[in-house]
Amino acid sequence: MLEEQLDTFIARYQELAELLSDPDVINDHKRFRDLAKEEADLRPKVDTFKHYKEIVSGIEDTEELIKETSEEDMLELAKSELDQLKAERDDLEEEIKVLMLPSDPNDDKNIIME
């Protein structure tokens with residue numbers, strides 16, 4: 001389910017990239033500004049998710065290597081790498097959960113404190 005949600009963010013991010021290069025959008029300054037802001041808000045989510053997918057792929061590759069190898073040194077190295085990848089995956093999952101929280105609609109508003 002998490003990957004499905006993140007895939008929708010990636011699809012929207014790609015759509016925004018296309019829209020931002022459209023001459024009609026570029027000439028409409030308000031629309032361009034709004035789309036550029038949305039693109040900037042999505043960028044950290046998309047970058048983190050792409051990194052997450054790379055880590056998950058690395059875990060799968062390393063697990064496959066562990067199954068296929070018979071060399072003790074290589075097996076030890078692969079298990080160590082697998083532990084590191086799994087720890088990084090867990091950290092990224094927590095980061096993604098935070099990134100997925102809805103933003104406060106007042107975040108981009110100015111305030112005056114006394």
Side-chain angles (χ1 to χ4, degrees):
M1 178 165 166
L2 178 63
E3 284 195 32
E4 291 173 8
Q5 283 182 314
L6 293 171
D7 284 338
T8 61
F9 282 119
I10 289 176
R12 178 62 181 159
Y13 185 78
Q14 291 169 341
E15 179 184 359
L16 288 169
E18 290 175 18
L19 286 171
L20 289 171
S21 64
D22 182 345
D24 292 333
V25 173
I26 292 171
N27 292 328
D28 183 352
H29 298 291
K30 180 184 180 333
R31 184 168 182 220
F32 183 82
R33 185 184 67 239
D34 292 343
L35 292 175
K37 182 181 180 325
E38 183 181 355
E39 187 266 346
D41 290 341
L42 285 177
R43 189 177 311 127
K45 294 174 186 173
V46 170
D47 291 344
T48 302
F49 181 55
K50 285 180 180 179
H51 184 62
Y52 175 80
K53 286 178 106 172
E54 291 171 5
I55 295 298
V56 169
S57 177
I59 289 171
E60 292 169 358
D61 293 345
T62 304
E63 287 174 339
E64 188 67 32
L65 178 65
I66 289 172
K67 289 177 188 175
E68 294 176 357
T69 192
S70 59
E71 280 186 47
E72 194 61 38
D73 291 340
M74 186 65 136
L75 189 61
E76 204 172 300
L77 183 64
K79 285 182 179 180
S80 173
E81 182 179 339
L82 183 62
D83 290 340
Q84 291 174 354
L85 289 170
K86 284 184 176 182
E88 188 171 354
R89 179 197 58 196
D90 294 342
D91 291 343
L92 284 171
E93 285 175 351
E94 290 303 313
E95 185 178 343
I96 287 170
K97 287 178 186 176
V98 171
L99 288 171
M100 296 294 288
L101 293 173
S103 60
D104 186 338
N106 294 320
D107 281 350
D108 59 347
K109 296 185 178 164
N110 295 328
I111 64 166
I112 298 174
M113 293 184 64
E114 289 186 26

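Since we're looking at a predicted model, the values are computed, not measured.
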Legend entry - Validation row: Lys97, Leu101 side chains within 4.5 angstrom (heavy atoms): no
Inset, instruction - Given side chain to side chain contact (heavy atoms under 4.5 Å, CB included), test Asp24 with Arg31 step by step and report yes or no. - result: CA-CA 10 Å; Asp24 292 333; Arg31 184 168 182 220; 5.9 Å; no
Inset, instruction - Answer yes or no: is there an ion pair linking Lys30 with Asp34, defined by an N-O contact shorter than 4.0 Å? - result: yes
Legend entry - N-O pairing of Glu63 and Lys67 below 4.0 Å: no
Inset, instruction - Identify whether Leu92 and Leu99 are in the same connected component of the hydrophobic contact network (ILVMFWY, side-chain heavy atoms under 4.5 Å). - result: no
Legend entry - side chain to side chain donor-acceptor pair (under 3.5 Å) partner of Tyr52, the single match among Glu93, Glu88, Arg89: Glu93
Legend entry - Between NZ on residue Lys50 and CG on residue Asp47, distance to nearest 0.5 Å: 6.5 Å
Inset, instruction - Test Glu60 against Val56 for side chain to side chain contact (heavy atoms under 4.5 Å, CB included), laying out the working first. - result: CA-CA 6 Å; Glu60 292 169 358; Val56 169; 3.8 Å; yes
Legend entry - CG on Leu65 to CD on Glu71, rounded to 0.5 Å: 9.5 Å
Inset, instruction - Determine whether Leu75 and Leu82 fall in the same hydrophobic cluster, where Ile, Leu, Val, Met, Phe, Trp and Tyr are linked whenever their side-chain heavy atoms lie under 4.5 Å apart. - result: yes
Legend entry - Lys45 backbone acceptor or donor facing Thr48 side chain under 3.5 Å: no
Inset, instruction - Indicate yes or no: does Arg12 engage Asp41 in a salt bridge with an N to O separation below 4.0 Å. - result: no
